[in-house]
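What you are looking at is a predicted structure, and each value in this text was computed from that prediction instead of being measured. Side chains included, hydrogens not; waters and symmetry mates left out as well; all remaining heavy atoms used.
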Amino acid sequence: MRVNRNSRARSRAAVGLSTLALAAGATTAAGPAVAQPRSAPAPAADCSAAYKIEQKLATGTTWRMCWSYESEAGLVLSNISYQPPGEAAPIKVLSTAKLAQIDVPYDDGSVEYSDLTGAGFGQGLVDMVPAECPGGTIKTVKVPEAWDPQHANVKGLCTTTRSRGHAYRMEADTGNKVFQKQGKDLLIYTVNKVGWYEYITEWRFQDDGTINMNVGATGSLSPFDYDAGDGRGWPLGKGAKDYATSHSHNVFWRLNFGLDGSSKAKVEQYDSVVSPPAQGQQAPSNKTTVTKVGKELAGDAKNMRWWRVVSNSGKNKDNHARSYEIVPGATTKYLGRPFTKHDVYFTEYNKCEQFASDNLRNCGAGHGKSVDKYVDGQTLTHPVAWVNVGFHHIARDEDQQPMPVHWQGFSIAPRDVTAMNPLTPAELADQNGHVEPR
């Protein structure tokens, strides 16, 4: 049986943690916490050079942030700011950002894993070779309370840049010039091994202010989970004898907003309704309405629905309030647990609420252990966003061997953070607002 040095193999024959893990105070995969592991504290407002990331991209945008590492959640990014060309000072976006859980229930109902709080995700950080971080730098991470003290220092954090293709393209009104720019991104990622899976946790910071959060699962299919039947698995190998058990990956992120350096912000929900063409009209009409989200919310994505977090203190040069819009990614919602039944949660900040399920901290008698219980009617003044993206993994022949990466994630996009496209060429800088053809 192939077992990680820092985590137990994922199989129903080995659901307990290793003696080493138990000695470190770890919990079982899906049960409540039996101990209170200490987590590395978030870095101070200004971090030392070793924990600071600052990257000026070729297009002129600079991203700044600090990084730290927690024993369960893994990589934490904090004090994230964005400074595009034309802005005199950095614009703070997020106070902290991190994974909040990876919930993995199997279709046959035999087992369910909480990969962050119960299966050693943070402890499973692996060394990367230079080829995995092309053109970048691999930083050494000291894993807090390492289950294997002999391997506490891991070359496991890659920072690099990457081209993403067109940032924009526009033909001039005269037709004799094309304005185009190729976009650049800052990428930050780790690889964490949990049983047979290897998770790539990627944070992508675009030069236009967009932040993409993705988790990619790769590695191997568990060789101990080939006993599913029709409807709960998929036959792999010769014939239809061995059925790999299907399962879900429900990934949660926790975003603590700090727009313009303030924890105070508003949340708004937008919905659009399309109506049939009225008499005399050529096309259907579409009306968008806004709902102020004044209290904690468990929200569900719908067609033409979106949310934004709005700064209470900052405005752009057009005097519009700065905000960030949550842009959901493709998801397969898992309805088996109350905490996985919603796509996004907005809760009032509580330092004790760190994980979307199986929260390890003792938040007091009667306090819930999962994000659905955190939504209890409090007024939102310091909103924290929890985003849930699901993937139902029905294995296929192509998943062996090794398994191609399957990605799941979402983005937050700037909305009125700057008065114009932050990458606008100088020749078009005066074309703000109602522009007449010329």
Side-chain angles (χ1 to χ4, degrees), residues 56-63 81-93 161-186 204-212 257 259-260 265-275 277-278 280-292 303-328 410-438:
K56 185 172 185 179
L57 297 167
T59 46
T61 292
T62 300
W63 283 98
S81 69
Y82 155 62
Q83 187 175 6
E87 292 291 333
I91 301 165
K92 187 172 178 182
V93 180
T161 60
R162 191 171 297 171
S163 298
R164 71 171 184 279
H166 278 85
Y168 61 75
R169 185 192 189 279
M170 186 186 79
E171 188 173 302
D173 297 335
T174 58
N176 61 1
K177 184 173 183 178
V178 171
F179 296 99
Q180 72 85 29
K181 188 178 287 290
Q182 298 297 299
K184 286 284 189 178
D185 299 343
L186 164 65
R204 184 184 293 258
F205 299 88
Q206 295 185 189
D207 50 13
D208 61 2
T210 300
I211 304 175
N212 302 282
F257 281 86
L259 285 169
D260 293 298
K266 299 184 289 287
V267 177
E268 297 175 347
Q269 176 179 304
Y270 289 80
D271 289 277
S272 299
V273 177
V274 177
S275 300
Q281 288 184 317
Q282 294 184 15
S285 60
N286 192 349
K287 184 175 183 180
T288 302
T289 58
V290 58
T291 302
K292 308 290 185 182
N303 187 45
M304 291 191 173
R305 168 176 288 176
W306 52 278
W307 297 271
R308 70 169 182 157
V309 178
V310 188
S311 173
N312 269 355
S313 55
K315 294 184 177 182
N316 67 18
K317 294 173 184 177
D318 282 346
N319 202 36
H320 298 152
R322 290 189 173 117
S323 71
Y324 261 81
E325 175 182 343
I326 294 176
V327 184
F410 72 104
S411 305
I412 60 172
R415 177 170 284 275
D416 303 343
V417 171
T418 53
M420 295 181 69
N421 182 341
L423 306 179
T424 294
E427 301 99 305
L428 303 178
D430 63 333
Q431 296 194 29
N432 183 23
H434 184 199
V435 179
E436 297 287 349
R438 62 183 186 180

M170 side chain reached by Q180 side chain, heavy atoms, under 4.5 Å: no
Closest contact, heavy atoms only, L428 versus M420: O-CE, 3.6 Å
F179 to P425 - nearest heavy-atom pair and separation: CD2-CG, 3.8 Å
Distance in Å, R415 CZ paired with R308 CZ, rounded so as to fall on 0.5 Å steps: 7.0 Å
Nearest atoms (heavy-atom pairs only) where I326 meets W306: O-CB, 4.5 Å
Shortest non-hydrogen contact between S323 and V417, atoms and distance: O-CG2, 3.3 Å
Residue pair P414 / T210, side-chain heavy-atom distance below 4.5 Å: yes
Distance (rounded to the nearest 0.5 Å) between I211 CD1 and D185 CG: 11.5 Å
Under 3.5 Å donor-acceptor, E87 side chain and P84 backbone: no
Salt bridge (charged side-chain N to carboxylate O under 4.0 Å, His left out) between E171 and K177, intermediate numbers included: CA-CA 6 Å; E171 188 173 302; K177 184 173 183 178; over 6 Å; no
Residues in salt bridge (charged side-chain N to carboxylate O under 4.0 Å, His left out) contact with D271, at least two apart in sequence or another chain: R305
Minimal non-hydrogen separation, S311 against A321, with atom names: O-CB, 4.2 Å
F205: partners by ring-ring contact (aromatic ring centres under 6.0 Å, His included), with sequence neighbours left out: W63
Other residues, nucleotides, ligands: >12 heavy atoms within 6.0 Å of K56 NZ: no
Passing candidate, side chain to side chain contact (heavy atoms under 4.5 Å, CB included) with D208, options K181, K184, R164: R164
Which atom of P284 lies closest to which atom of V274, heavy atoms considered: CB-CG1, 3.8 Å
Side chain proximity check, V309 to L259, heavy atoms < 4.5 angstrom: yes
Heavy-atom donor-acceptor pair, Y168 side chain to L423 backbone, under 3.5 Å: yes
Polar side chain donor-acceptor pair, T418 to N316, under 3.5 angstrom: no
Derivation and outcome, side-chain contact (heavy atoms from CB on, under 4.5 Å), residues L57 and T161: CA-CA 8 Å; L57 297 167; T161 60; 3.8 Å; yes
Distance in Å, I412 CD1 paired with Y324 OH, rounded so as to fall on 0.5 Å steps: 6.0 Å
CD1 on I91 to CD on Q83, rounded to 0.5 Å: 8.0 Å
Any side-chain heavy-atom pair of Q182 and H166 under 4.5 Å: yes
Counterpart residues, salt bridge (charged side-chain N to carboxylate O under 4.0 Å, His left out), relative to D260 (two or more places apart): R322
